Amino acid sequence: MKSPAASRPDLPAAALGVTALVLTLSACSSSSEPTARLDPGPDNVRVEEGLTYWSDDQSELKLDACLPTDAEGPVPAVLLVHGGGFTEGTRDSSGLRTLCELTAEQGAAAFSVDYRLAPEFTYPAQVDDLANAVQWLRQPAQVEAFGIDPARIGAIGSSAGAIIAQSLATRGEGPLDTGARLGAVASLSGVSVLSPEGLELGRPSEQAADLVLNYLGCTSVADCPQSVPASPITGVDPSDPPMLLVNGTDELVPEEQPEALATALEDAGVQAELLIVDAPSHGITLLNSDVRRAVLAFLEEQL
C-alpha cells in the first residue's frame, strides 16, 4: 500500500483526474467467488469479532476486524459495507468474512461493519453509521490496537453498502485523511442517482426502485425530496476520493448508474475507474478472482 505522501489529498484536481477506464471481464474466466468462509483462514490473519464502534442508550453497532499479523509498520484500513437492500444483511456473512480475510492477507486491515437497517432507520442513518466507524478507527486507541495508519482509510461497498460508501465518499469537502473522509472507495453495484432522474438511466427494475424508496423512507419516487441529497452524484466535488465502480451486465443495477457517477467524478477532476463485468452478477457476487484482484489492487494503489 502507498505511503500517505503518495496519495496526498491536497494534490491539484488536474493531477487526480483521468479518463474513466472501462474494462469488460468475462465471468467465465474465473470460477471462484467469495461465497464461503476460508477454512482454515490465512495463517497471517487474526480475526477479532463483535467490536462495538458506536452505541447510544438503545442500541450498539459492531464490526469484525481482520488484521494482518506480519505487518512491519502501520497498514491501511479498509471498511467492508454489506448489502441486503438496506433491510437485512450482517457484517459476518460468509462472503464478507472471506473478503475480510483476503483483504488482510494482502496487507491491509479490514473491518466489516454493521449499520442500522430500514425501515426502522432511513437515510442518512446508514451513512452516519459508516462515518462513525471511520471516525472510531481514527481514534488513537484503535490506531494503536490495530496497527493502522489513520490517514489511509478506504471502503468496499456491496449493493446497498455501495450506495452508503459512495455517499460518505462524496459527503463534505477537504482532506481525505481526517474526520470521516475516505481515501478511496470500491463500489460493487452501487446506485448513484436515487432521484427521479435515475429512472431514466437504463431500465431499473421495480425491485431496485422499491429498495431505494425503503431506504429513503418514501412511498413514491415522484414525491421524495430527500432523494436528491441522498444521491451520491449530487455531492461530487474535486476533493472527493478516487473510486472504482464495478457493475454487472443485465443485473439489478443498470450500467448507466455507475457510468453517470464516473462521468461526474471525471468532470470534477477525480480519478474514476469503471469496471463492467460480463455477467448478470450483482454486488459481492461480482467478485470472481479477476475482479477481486482488481479491487484489491486499486485500493493498494490508492491508499
Side-chain angles (χ1 to χ4, degrees), residues 37 46-67 77-101 103 109-146 148 150 153-172 178-182 185 187-188 190-191 194 210-219 224 226-227 229-232 235 283-284:
R37 294 193 180 190
R46 181 178 85 254
V47 177
E48 297 184 14
E49 298 181 308
L51 306 176
T52 299
Y53 73 85
W54 178 88
S55 64
D56 62 11
D57 294 335
Q58 297 178 320
S59 61
E60 59 183 16
L61 293 173
K62 297 181 181 293
L63 57 75
D64 293 344
C66 299
L67 308 170
V78 178
L79 289 151
L80 310 180
V81 194
H82 69 77
F86 299 104
T87 62
E88 58 185 6
T90 62
R91 70 182 187 278
D92 58 354
S93 63
S94 61
L96 218 59
R97 171 56 58 83
T98 298
L99 181 59
C100 188
E101 294 182 356
T103 302
F111 301 89
S112 180
V113 299
D114 277 337
Y115 51 85
R116 288 172 290 177
L117 299 175
E120 182 178 2
F121 299 98
T122 57
Y123 171 84
Q126 295 78 4
V127 186
D128 292 340
D129 293 342
L130 185 58
N132 285 331
V134 174
Q135 292 173 317
W136 183 80
L137 284 177
R138 283 201 164 109
Q139 294 175 2
Q142 279 66 254
V143 169
E144 181 177 359
F146 301 132
I148 59 175
I153 299 180
I156 302 173
S158 170
S159 190
I163 298 174
I164 298 168
Q166 288 182 17
S167 296
L168 184 59
T170 58
R171 176 193 277 191
T178 61
R181 297 286 272 163
L182 292 168
V185 167
S187 167
L188 311 175
V191 176
L194 310 180
D210 288 343
L211 293 175
V212 168
L213 288 174
N214 210 23
Y215 168 57
L216 298 175
C218 298
T219 57
C224 188
Q226 57 266 50
S227 67
S231 297
I284 201 168

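Position 1 is the first residue of the sequence; numbering continues from there. Remember, it's a predicted structure, so these values are computed and weren't measured experimentally.
- No donor-acceptor pair closer than 3.5 Å links the side chain of Ser158 to the backbone N or O of Gly283.
- Taking all atoms of both residues into account, the shortest heavy-atom contact from Gln166 to Val191 is OE1-O, 3.8 Å.
- Electrostatic pairing of Asp114 and Lys62 does not count as a salt bridge here, judged by no charged N lying under 4.0 Å from a carboxylate O.
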For this session: May I have the step-by-step check of side-chain contact (heavy atoms from CB on, under 4.5 Å) for Phe146 and Leu51, ending in yes or no?
Result: CA-CA 12 Å; Phe146 301 132; Leu51 306 176; 3.7 Å; yes
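- Summarising the geometry, atom OG1 belonging to Thr170 is positioned 8.5 Å from atom CZ belonging to Arg181; distances are rounded to the nearest 0.5 Å.
- For the pair Val113/Trp136, no side-chain contact is recorded, criterion being any heavy-atom separation below 4.5 Å from C-beta on.
- Asp129 is linked by a side-chain hydrogen bond (donor to acceptor under 3.5 Å, both in side chains) to Arg116, counting only residues two or more places apart in sequence or in another chain.
- Side-chain atoms of Gln126 do not come within 3.5 Å of backbone N or O of Ile164 as any donor-acceptor pair.
- The ring-ring contact (aromatic ring centres under 6.0 Å, His included) check on Tyr53 picks up nothing, with sequence neighbours excluded.
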Exercise. Which is it for Leu168 and Val81 under the side-chain contact (heavy atoms from CB on, under 4.5 Å) test, yes or no, and what are the steps along the way?
Worked result: CA-CA 12 Å; Leu168 184 59; Val81 194; over 6 Å; no
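- Looking at every heavy atom in both residues, Ala155 comes nearest to Leu182 through CB-CD1, 4.0 Å.
- Side-chain atoms of Gln226 come within 3.5 Å of backbone atoms of Leu216 as a donor-acceptor pair (strictly under, hydrogens ignored).
- Contact record, Ala65 with Cys100: C-SG, 4.4 Å, taken as the closest heavy-atom pair.
- Taking Thr90 as the reference, Asp92 meet the side-chain hydrogen bond (donor to acceptor under 3.5 Å, both in side chains) condition, with sequence neighbours excluded.
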Exercise. Run the side-chain contact (heavy atoms from CB on, under 4.5 Å) check on Thr87 and Leu117 step by step: do they pass?
Worked result: CA-CA 5 Å; Thr87 62; Leu117 299 175; 5.7 Å; no
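- With values rounded to the nearest 0.5 angstrom, His82 atom NE2 is found 13.5 Å from Arg97 atom CZ.
- In plain terms, the two heavy atoms of Arg91 and Leu96 that are nearest each other are O-CD2, 3.7 Å.
- For the atom pair CG of Leu79 and CD1 of Ile156, the computed distance is 10.0 Å after rounding to the nearest 0.5 Å.
- Partners of Thr219 under the side-chain hydrogen bond (donor to acceptor under 3.5 Å, both in side chains) rule, at least two apart in sequence or in another chain, do not exist in this structure.
- In this structure, the side chain of Arg138 engages the main chain of Pro150 through a donor-acceptor pair within 3.5 Å.
- The two residues Leu194 and Ala230 make their nearest non-hydrogen contact at CD1-O, 3.3 Å.
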For this session: Tell me, with the steps shown, if Leu130 and Tyr115 meet side-chain contact (heavy atoms from CB on, under 4.5 Å).
Result: CA-CA 7 Å; Leu130 185 58; Tyr115 51 85; over 6 Å; no
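- The heavy-atom pair separating Pro232 from Ser167 by the smallest distance is CG-OG, 3.5 Å.
- In this view, Tyr215 and Phe86, Tyr123 satisfy the ring-ring contact (aromatic ring centres under 6.0 Å, His included) rule, not counting sequence neighbours.
- For the salt bridge (Lys or Arg N to Asp or Glu O under 4.0 Å) test, residues two or more places apart in sequence or in another chain that qualify with Arg171 are Asp128.
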